[in-house]
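Note on naming: letters A, B, ... go to the chains in the order of the sequence lines (proteins, then strands), and numbering restarts at 1 for each one. Since we're looking at a predicted model, the values are computed, not measured.
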Amino acid sequence: MAIEEKRLILKYADQEGYTNDIDCYIKHGGYEALKKGFQMKPEDICQEVLDSGVRGRGGAGFPAGMKWKFLDRKSGKPIYLICNADESEPGTFKDRQIIHKDPHQLIEGMLCSAYAIQAKLAFIYIRGEFFEGYKILERAIEEARAKNFLGDNILGSDYSCDIIVHRGAGAYICGEETGLIESLEGKRANPRIKPPYFPADLGLYQCPTIVNNVETLCDVKHVITMGSKEFANIGTPGNTGTRIWCVSGHVQKPGYYEFPCAGVTLGELIYDVCGGLLPGRKLKAVIPGGSSSKILRADERFKGKKKDGTEFDWGIEDIPMDFDSLSLVGSMSGSGGVIIMDDSTDMVEALANINYFYAHESCGQCTPCREGVPWMKKITSRMCSGGAREEDVDLLKSIADQIEGRTICAFGEAASWPVQSFIAKFKDEFEAKAKEQALLRKQGEDTAKETSLI
Amino acid sequence: MLEIKVTDTVTINVDGELAQVPKGVNVIEAMRVVGKEKEIPHYCYHPKLSVVGNCRMCLVEVGNPMRDRQTGEAILEENGEPKIGWAPKPVIGCATNVSEGMHVRTNTPNLIDCRNGVTEFLLINHPLDCPICDQAGECRLQEFSAEHGRGYSRFKEEKNVKPKRTRLGPRVTLDDERCILCSRCVRFSQEVAKDDVLGFVDRGTYSTLTCYPGKELSNNYSLNTVDICPVGALTSTDFRFKMRVWFLKRTHSICTESSVGANTEIWSREGKIYRITPRRNDAVNDTWMTDSGRGLFKEFESEDRLTSYSVDQVAKSLDDAVVATRALLEAGSVGVIGSAHSSVEEQYLLQKIIKQTDATCEMVQHIGEGDGLLLSEDRTPNLRGALINGLIKQLPERELGQLKASIEGVSIKTLLVFNQDLEQLGIDLGKLKESIQVIYFGNSKNTTSERAKVIFPSLSVFEKEGTFVNQNFILQKFKQAVLPPVGLMSECGVLKAILHELNNEAPENAMPFMDELWSEISENVEILKSVKWSAIPEEGFALEDASFASMNFVETQNLKYKPNLVSKTV
């Protein structure tokens, strides 16, 4: 039995005949939310967004309305809105779909948000590799400007706001909001220290700034259209709205699927929505929210107490896909990149791959991340190329522990969580590999295995 | 007086003990006040630069008294003490400011683990070439490795390779493998030297410090980057591989390059100076000094240096020279060209001789271009001293005035010249009348010394002790770092000998020389009243400058000097 998607953000995106130009968008009810929003007071929109409970879709899941509330409005400095479209978390590909297939939805969502926070200027920081998306956005902005949905005196009101699309240069760290701001200012994307540089106080050009994910900003549009109450009815309390899950890995039908929060369990997502694993394969592990979230082992039992006091006892297939449930099982929903691994996966190689990525992307500013992450990468690469030692497992764990929580930005956690969780859950495999290679070395045989590792 | 103004203090709790610290300072500075500086090591933080917090060495645990969200009242523990809400993660001390009631922990197992972790990380790609590294002995990484290091390496992989000898500029050489990317040098160039030439290229563990393409670190403050480099990455091309720092003796001194009077430290061994570095003084030079001021000691290593007293160009003993001088001075009609390069003591004694012989004294300005930072327009260290001593009443002009006319008109018989070349003062020695006798105090051979009847070689600032008064009327002491050439006495000693000879006195040595001299100076010079030599503090002593407020000094605004604009406009 296939489970029906409930699409909100990607409602029209894949419909036949739906194009990404403005006429098609307006025909499908586009820019009505903007018109409705401009009838409201900005602070009322902020309240609506707060009441809707919409949480950030970029990774941390922080309530968007709360973020807006932190804005420093007393300083008298201009306020900026930035859309974080630097989608680079491995396993995530939702923002690109929105930008490619429905760019006007993002623009409308941004303008609603910009009006709500009374931003002077809005930016879209788009990942450098999304060149097609950049062109689409540029065209969409011109179309919207021609119809006075953006620019001076939007819809005849006295509010003016423009959107500038800025292309990144291909660095993962630019997805970190203060790194993004530095990059947007034209500097090296070194994340800033917090305190004192909280974007809501001292963001872009040291002015109050809001940075939101693409999907979050689209949600704002729907909050205005539907009203906060109706929006909050989707999903469960505290986990409102829909989420786009980007499923990749060893499933029959990888892709993006939109469901209300908690509207689907991990098992349903894998077996019903994505058509299950490849024939003859068994589920081994799942990374539920992009490569930096902690891995879940297929034969684990997750027990504990929910916030409301009810107890839960889930197998991996029973985990409801929402913010809170995934953090209850010790991982996170992150950016929604669900990576499925079947029993053909070598966990050491999988971790080596992830470590390679983080070592490559560390900005190099602060010591633990700059030195620790490449060290972990060197160890896992060596383990894959035949030099595994039994003590490597504990060493890896110890290095990861030395990084976590001691860095300038959350990259330190992002890089150490995979190592910590892989070792916590698959220690046996790491040790087995070391033993096997030690034996081969003793017998004078080649320990290196052919891998597709980059 | 130089006092750090502590307007407000807050009470914080450090590892369970209460302490009073200045309000608003960061935790590192607060720990300095408390005397727990060692508990909170750091690399990237520098008190005179912006905070970036990238070394992660100064992590501490902090907590603040909890308050009720609604009422704003403090939440108390059962025992009545305020309940402390500890931050969930350790925070960096450099970017955390103290506030009333804050609790700081510096020594929990977690923090020790943090510091050990950072130390291990910094060492894994470090070349560990201390045996050939110039920084050894004054290296933060070396010190902290001893204290927070593991003692053995868990790193079995290959180390990163980076350039070992990059020429950043004429005076600075970079070893990238030793660099810990603290960015102190980058921030210094941007924020203090205002010459933005340094930056990082490449990413992550391959990040490399370098100059921007087509630029080099050639400004006059480039060697400060070497001083503030916590490791051996930036090295002075001049000092590189010359000497181990632990063999060097450190002597406090004052830079004589300009009236700024930067506080310095002379590093010497066995009578040879190896380098000069700045010494922190927040009222004078912060922690910086010019590159040009660091090279001044080399002038005294020249072949031209005068090394013996002489009369009629024949080497004589000091006594003979003094007797000859007495004869010249007693002949009357003495003209004196004083010097703002002389110390306060020398100027005082010279002033005494002038009074006694009824001589006329003039001085000339030595000016150059100021850089608005630590090189002022007035290129003498002690012009203010000459004013205080009464050696001159007005600011000197660019050229000699009345005295020059007197010299050319042969109305003076004896000319006593201090530290200058007459030729450079516009006096044509070829035309100088035979009848004028010259007594010369100077460092090296020049046209004046060739013409002089009596020569008293003077000592460099490194070879004697004394005081200067800088642009802000701060009296600063310099000490003797190296011994003078054999047989030479300081100018103070020479001038004193001349005075004794003039008065037919026998020299008395009841007290150490400087103390004795200063007890006399403080009696006779109004502004220096009650100053004792031994009581002049290391950081200097601000003098009363109201009586000079109307003078138009040549200095324009620099790091610690604001010209008196009111008097300029009048």
Between chain A and each of Val52(B), Val91(B), Asn97(B), count heavy-atom pairs under 4.5 Å; write down the option with the most. Val52(B)

Cut-off 4.5 Å, heavy atoms of chain A, and the answer for Phe155(B) is both

Looking at Tyr206(B), is its backbone amide N or carbonyl O close enough to the side chain of Thr208(B) to form a donor-acceptor pair, meaning the two atoms are under 3.5 Å apart? yes

Check whether Ile408(A) gets within reach of chain B through its side chain, its backbone, both or neither, counting any heavy atom under 4.5 Å. both

Side chain, backbone, both or neither: which part of Glu120(B) has a heavy atom under 4.5 Å from chain A? side chain

When the ring planes of His42(B) and Tyr45(B) are compared, do they come out parallel, tilted or perpendicular, using 30° and 60° as the limits? perpendicular

For Leu111(B) versus Leu59(B), what's the shortest heavy-atom pair and its separation? CD2-O, 3.5 Å

Does any heavy atom of chain B fall under 4.5 Å from the side chain of Glu361(A), the backbone, both, or neither of them? both

Is it the side chain or the backbone of Leu181(B) that comes within 4.5 Å of chain A heavy atoms, both, or neither? both

Ile173(A), part contacting chain B, at a heavy-atom distance under 4.5 Å: neither

Taking Thr209(A) for the side chain and Leu204(A) for the main chain, is one N or O donor matched with an acceptor at less than 3.5 Å? yes

Given heavy-atom pairs under 4.5 angstrom as the criterion, report whether the side chain, backbone, both or neither of Arg389(A) touches chain B. side chain

Contact part of Ile124(B) toward chain A, heavy-atom cut-off under 4.5 Å: side chain, backbone, both or neither? side chain

Under the 3.5 angstrom rule, does the side chain of Gln190(B) hit a backbone N or O of Asp196(B) as a donor-acceptor pair? no

Centres of the Phe411(A) and Tyr172(A) rings: under 6.0 Å? yes

Side chain Ser398(A), main chain Asp394(A), donor-acceptor under 3.5 Å: no

Quick check on the interface: out of Ala95(B), Ser183(B), Cys114(B), Cys44(B), who has the most heavy-atom pairs with chain A under 4.5 Å? Cys114(B)

So which heavy atom on Ser207(B) is nearest to which on Asp202(B), and how close? OG-O, 3.6 Å

State whether the side chain of Glu390(A) and the backbone N or O of Lys435(A) hold a donor-acceptor pair below 3.5 Å, judged by distance alone. no

Quick one: what part of Arg406(A) sits under 4.5 Å from any heavy atom of chain B, side chain, backbone, both or neither? both

Residue Arg370(A) versus chain B: region with a heavy atom under 4.5 Å: both

So for Pro368(A), is it side chain, backbone, both, or neither that comes closer than 4.5 Å to the heavy atoms of chain B? both

